[in-house]
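Because only heavy atoms are used, hydrogens play no part in the values below, and waters and symmetry mates are left out as well, while side chains stay in. Per chain, numbering begins at 1; letters A, B, ... match sequence-line order.
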Protein chains: 2
Amino acid sequence: MKRFQTLTPPISPLVHILCPKLSDNTYPYREQTNLRITGEHPVRLGHMTTTDSLEDAIEVLQQLGLKEYEARCFVGLSRLHTGTAKQLSEMTEVPRTRVYDAIRVLEAQGLVEIQHSSPQRFRAVPLDEATETLRDQYEGRVERLHNALDSVEIIDGDEEKSVQQVWAMSGRTAIENRTDQLIEKASEEIVLVLGDESLLTEELVARLNDAVADVDLLIGALTESLQDQIQTAVPDATTFISGLEWLHGENASEDETAIGRLLLTDRSTILVSSIMPGSKEEQAIFGEGFGNGLVVIARRLMAQGLLTARDPKQ
Amino acid sequence: MKRFQTLTPPISPLVHILCPKLSDNTYPYREQTNLRITGEHPVRLGHMTTTDSLEDAIEVLQQLGLKEYEARCFVGLSRLHTGTAKQLSEMTEVPRTRVYDAIRVLEAQGLVEIQHSSPQRFRAVPLDEATETLRDQYEGRVERLHNALDSVEIIDGDEEKSVQQVWAMSGRTAIENRTDQLIEKASEEIVLVLGDESLLTEELVARLNDAVADVDLLIGALTESLQDQIQTAVPDATTFISGLEWLHGENASEDETAIGRLLLTDRSTILVSSIMPGSKEEQAIFGEGFGNGLVVIARRLMAQGLLTARDPKQ
DNA sequence: CCTCTTGTCACTAATATACTCACAAAACGG
DNA sequence: CCGTTTTGTGAGTATATTAGTGACAAGAGG
């Protein structure tokens with residue numbers, strides 16, 4: 001297989017060529033609910049029916065670590081002021097004899113209350129309280145993870161500062177976070193091209209406005225409407241229509257990979273992302289170091305005027 | 001079995017008598033890691049070794065939804081700048097051929113980056129970025145849960161406003177949240193007794209100071225030192241030494257259930273919690289309504305001077 | 001050219017979870 | 001009071017997930 005670092009400047013979608021493996025949509029991901037999480041929220045056409053909402057809630061609860069029975073029971077209880085094992089079993093399809101176990105786990109998690117009468121009656125904790133409890137729980141876990149890991153790190157000295165490293169990441173959230181980090185670290189110049197308005201989050205806008213005080217900020221868009229949006233949100237930036245339309249290209253069929261974002265900071269680190277046609281999953285490649293192959297390509301693109309104001313407004 | 005609502009005022013630990021089922025420590029909880037979560041953080045004596053930290057991190061990651069291999073791989077990578085499948089397999093005990101799958105899942109979750117060279121090299125996303133990604137992920141899930149459920153609710157009209165309902169809950173976080181809610185809702189009077197200083201969280205102090213503007217606030221403690229602490233933290237409250245010492249009682253052996261908190265708001269809702277001797281798990285019973293049996297008992301305790309200033313300072 | 005490494009597949013073993021049934025104790029309704 | 005139904009528990013089986021193994025083709029590197 002050809003190493004991507006040695007490629008000459010591309011004439012068709014960058015990510016594909018630079019890192020073909022990213023394109024095959026057949027990653028053996030854990031076939032679990034988790035996958036949807038990193039992507040965007042499931043597309044909703046029109047209004048959700050109640051049934052949909054409930055199914056949805058059950059799914060999310062499982063993602064949050066509950067078992068199927070537990071999730072069903074909680075959702076069942078959410079529709080009742082109070083319920084018995086029998087009622088619950090009937091409405092949730094959970095075998096009655098298993099309701100008790102499920103409820104006990106839920107109680108231990110702080111999600112339901114039990115009335116120890118006979119028959120026992122159960123009720124869900126008020127929704128706000130429940131979500132707050134879940135939040136607290138996860139916040140606690142993340143914190144413990146942080147504590148456990150930040151004390152350790154770095155076992156080896158094998159820090160190949162090699163200049164040819166190109167890394168792949170995926171997941172919208174992760175790529176957003178990396179984008180944020182890079183913008184924050186930039187000291188000279190930021191060149192950003194956005195391929196879709198959904199990428200222009202509040203968080204990102206805030207960071208850009210923070211950054212604009214210290215660095216040159218060039219932001220490109222693929223469409224004029226997006227350019228306007230950006231210019232409004234980040235008034236002090238220089239915006240332009242990207243010369244990268246070819247990323248959608250002549251053969252821009254519907255299930256063609258779309259450009260996500262391109263970020264070049266201080267002419268030494270670059271991040272290019274694309275959005276998978278089917279899953280809408282965002283995938284990115286990332287390189288750092290002035291001499292890095294990817295970065296060199298990006299600089300070359302700039303030199304050719306593809307990453308600067310070709311048709312500057314104002 | 002006697003119904004607890006019909007009991008006469010107790011002369012030994014309230015929670016036990018009122019709700020004996022709470023006492024048996026043999027709940028068939030899911031024998032999973034989750035249990036520790038609702039309780040307090042594992043007790044740390046002295047300093048953690050690095051190995052401990054790592055084991056810990058692996059455990060927490062699994063609680064956060066990763067599988068064992070995934071967790072081990074991530075922790076392994078956290079100790080390296082960069083690693084290959086072989087290296088990882090050696091240091092983490094994960095079979096080499098399974099490292100690839102694990103890493104791909106991690107990558108999809110935004111926790112590691114992959115360098116598509118040969119051999120492939122992996123590296124963990126910087127810790128702050130990783131935790132932020134996890135946070136975002138869970139925040140998203142909780143939000144989706146909220147959306148899915150708050151539109152629905154209430155299927156039946158069977159709202160027995162019965163006055164004799166007493167509910168059991170457990171889990172420190174859940175009980176804290178309920179305490180907060182009750183304090184916030186109180187409009188006249190709050191009587192609070194704390195059995196342990198660990199229960200006097202910042203959050204609680206803030207809420208109490210908020211509340212003190214609108215309602216009478218009486219706070220009791222089991223020890224003088226705790227009373228002082230409270231008086232300092234919430235200057236406008238009236239504090240007292242609780243007449244409930246008997247809750248620790250003459251037969252206060254070491255593995256005796258300890259009083260957690262007692263909260264009576266507007267003389268119409270009450271929450272009493274205890275702390276399990278072994279697991280330190282907090283369990284509570286909760287009743288509402290002026291005529292509620294539990295609440296009546298609590299009012300009687302007050303009338304006897306057990307829940308008011310017996311030996312008021314100042 | 002040969003050898004060791006690397007990545008993928010297809011498989012078995014172990015475990016966790018979903019699902020059933022038998023039964024004793026408690027509630028209920030004459 | 002007695003027979004009947006409901007309720008809670010325990011002990012199972014079946015099924016899906018996850019942990020763990022081995023065979024093998026392709027690539028890297030002398």
Side-chain angles (χ1 to χ4, degrees), chain A residues 1-4 6 20-22 24 26-35 58-59 61-63 65-74 76 82-90 92-107 114-122 168, chain B residues 1-4 20-22 24 26-35 58-59 61-74 76 82-90 92-107 114-122 168:
Chain A
M1 188 200 312
K2 256 190 189 168
R3 295 280 199 102
F4 37 74
T6 63
K21 287 230 174 155
L22 284 179
D24 63 6
T26 59
Y27 263 12
Y29 297 126
R30 203 156 70 224
E31 152 62 38
Q32 211 205 340
T33 45
N34 272 339
L35 238 261
I58 291 171
E59 208 182 303
L61 281 167
Q62 286 184 263
Q63 292 171 0
L66 297 190
K67 301 310 168 198
E68 187 183 324
Y69 286 170
E70 293 153 21
R72 305 190 87 87
C73 282
F74 181 79
T82 198
T84 65
K86 196 182 178 198
Q87 285 177 283
L88 264 184
S89 155
E90 279 160 3
T92 62
E93 318 255 61
V94 175
R96 185 184 61 82
T97 59
R98 303 279 96 224
V99 169
Y100 299 98
D101 311 59
I103 291 286
R104 274 196 276 266
V105 175
L106 288 170
E107 198 254 13
I114 301 182
Q115 190 181 12
H116 287 283
S117 49
S118 178
Q120 297 182 341
R121 309 196 131 262
F122 315 118
Chain B
M1 187 201 311
K2 255 191 189 168
R3 295 279 198 102
F4 37 75
K21 288 229 174 154
L22 283 180
D24 62 8
T26 59
Y27 263 12
Y29 298 126
R30 203 155 72 223
E31 153 62 37
Q32 210 204 341
T33 45
N34 272 338
L35 237 262
I58 292 172
E59 208 182 302
L61 281 167
Q62 286 184 264
Q63 291 170 2
L64 287 166
L66 297 190
K67 300 310 167 197
E68 187 183 323
Y69 286 170
E70 293 153 21
R72 304 190 88 87
C73 282
F74 181 80
T82 197
T84 65
K86 196 182 179 199
Q87 285 177 284
L88 265 184
S89 155
E90 278 159 4
T92 62
E93 318 255 62
V94 174
R96 185 185 60 83
T97 58
R98 309 269 90 230
V99 168
Y100 300 98
D101 311 58
I103 291 286
R104 272 197 277 266
V105 174
L106 288 170
E107 197 253 15
I114 301 181
Q115 190 180 11
H116 288 284
S117 49
S118 178
Q120 298 182 341
R121 307 197 133 262
F122 316 119

Within this structure, what is the [atom1]-to-[atom2] distance between [X] and [N], rounded to whole angstrom?
| X | N | atom1 | atom2 | answer |
| --- | --- | --- | --- | --- |
| Gln87(A) | dT7(D) | CD | C1' | 13 Å |
| Asp101(B) | dT17(D) | CG | P | 16 Å |
| Glu70(B) | dA19(D) | CD | C1' | 12 Å |
| Leu88(A) | dT6(D) | CG | P | 17 Å |
| Gln62(B) | dT15(C) | CD | P | 14 Å |
| Lys67(B) | dA16(C) | NZ | P | 11 Å |
| Tyr100(A) | dA26(C) | OH | P | 14 Å |
| Glu107(A) | dG8(D) | CD | C1' | 16 Å |

For this session: State whether Asp101(B) and Arg104(B) are salt-bridged, where the test is any N-O pair (Lys NZ or Arg NE/NH1/NH2 against Asp/Glu carboxylate O) under 4.0 Å.
Result: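 No, no charged N to carboxylate O under 4.0 Å.
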Can you tell me how far the [atom1] atom of [X] sits from the [atom2] atom of [Y], to the nearest 0.5 Å?
| X | Y | atom1 | atom2 | answer |
| --- | --- | --- | --- | --- |
| Glu68(A) | Leu61(A) | CD | CG | 12.0 Å |
| Gln120(B) | Ile103(B) | CD | CD1 | 9.0 Å |
| Gln62(A) | Arg72(A) | CD | CZ | 8.0 Å |

Problem set entry | Side chain Thr97(A) and base dC21(C) donor-acceptor under 3.5 Å |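 Indeed, a donor on one side and an acceptor on the other fall under 3.5 Å apart.
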Look at [X] and [N] and indicate whether a side-chain polar atom (N or O) is within less than 4.0 Å of OP1 or OP2.
| X | N | value |
| --- | --- | --- |
| Tyr69(A) | dA18(C) | no |
| Arg104(A) | dT9(D) | yes |
| Ser118(A) | dA27(C) | yes |

Exercise. If you find the nucleotide of DNA chain C closest to Lys86(B) and the one closest to Glu68(A), which residue's nucleotide is nearer the 5' end?
Worked result: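 Its nucleotide being nearer the 5' end, the pick is Lys86(B).
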For this session: Could you check Pro119(A) against Pro119(B) and say which one's nearest nucleotide on DNA chain C is further toward the 5' end?
Result: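 The 5'-side residue here is Pro119(B).
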Exercise. Which nucleotide in the list dG7(C), dT6(D), dG20(D) gets nearest to the side chain of Arg96(B)?
Worked result: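 Taking heavy atoms from C-beta onward, the closest nucleotide is dG7(C).
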For this session: Measure from the side-chain heavy atoms of Arg98(A) and tell me the nearest of dT21(D), dA19(D), dC19(C).
Result: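 Comparing dT21(D), dA19(D), dC19(C) against the side chain of Arg98(A), the answer is dC19(C).
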Exercise. Are side-chain heavy atoms of Leu106(A) and Phe122(A) found at a separation under 4.5 Å?
Worked result: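 Result no, sub-4.5 Å side-chain heavy-atom pair not found.
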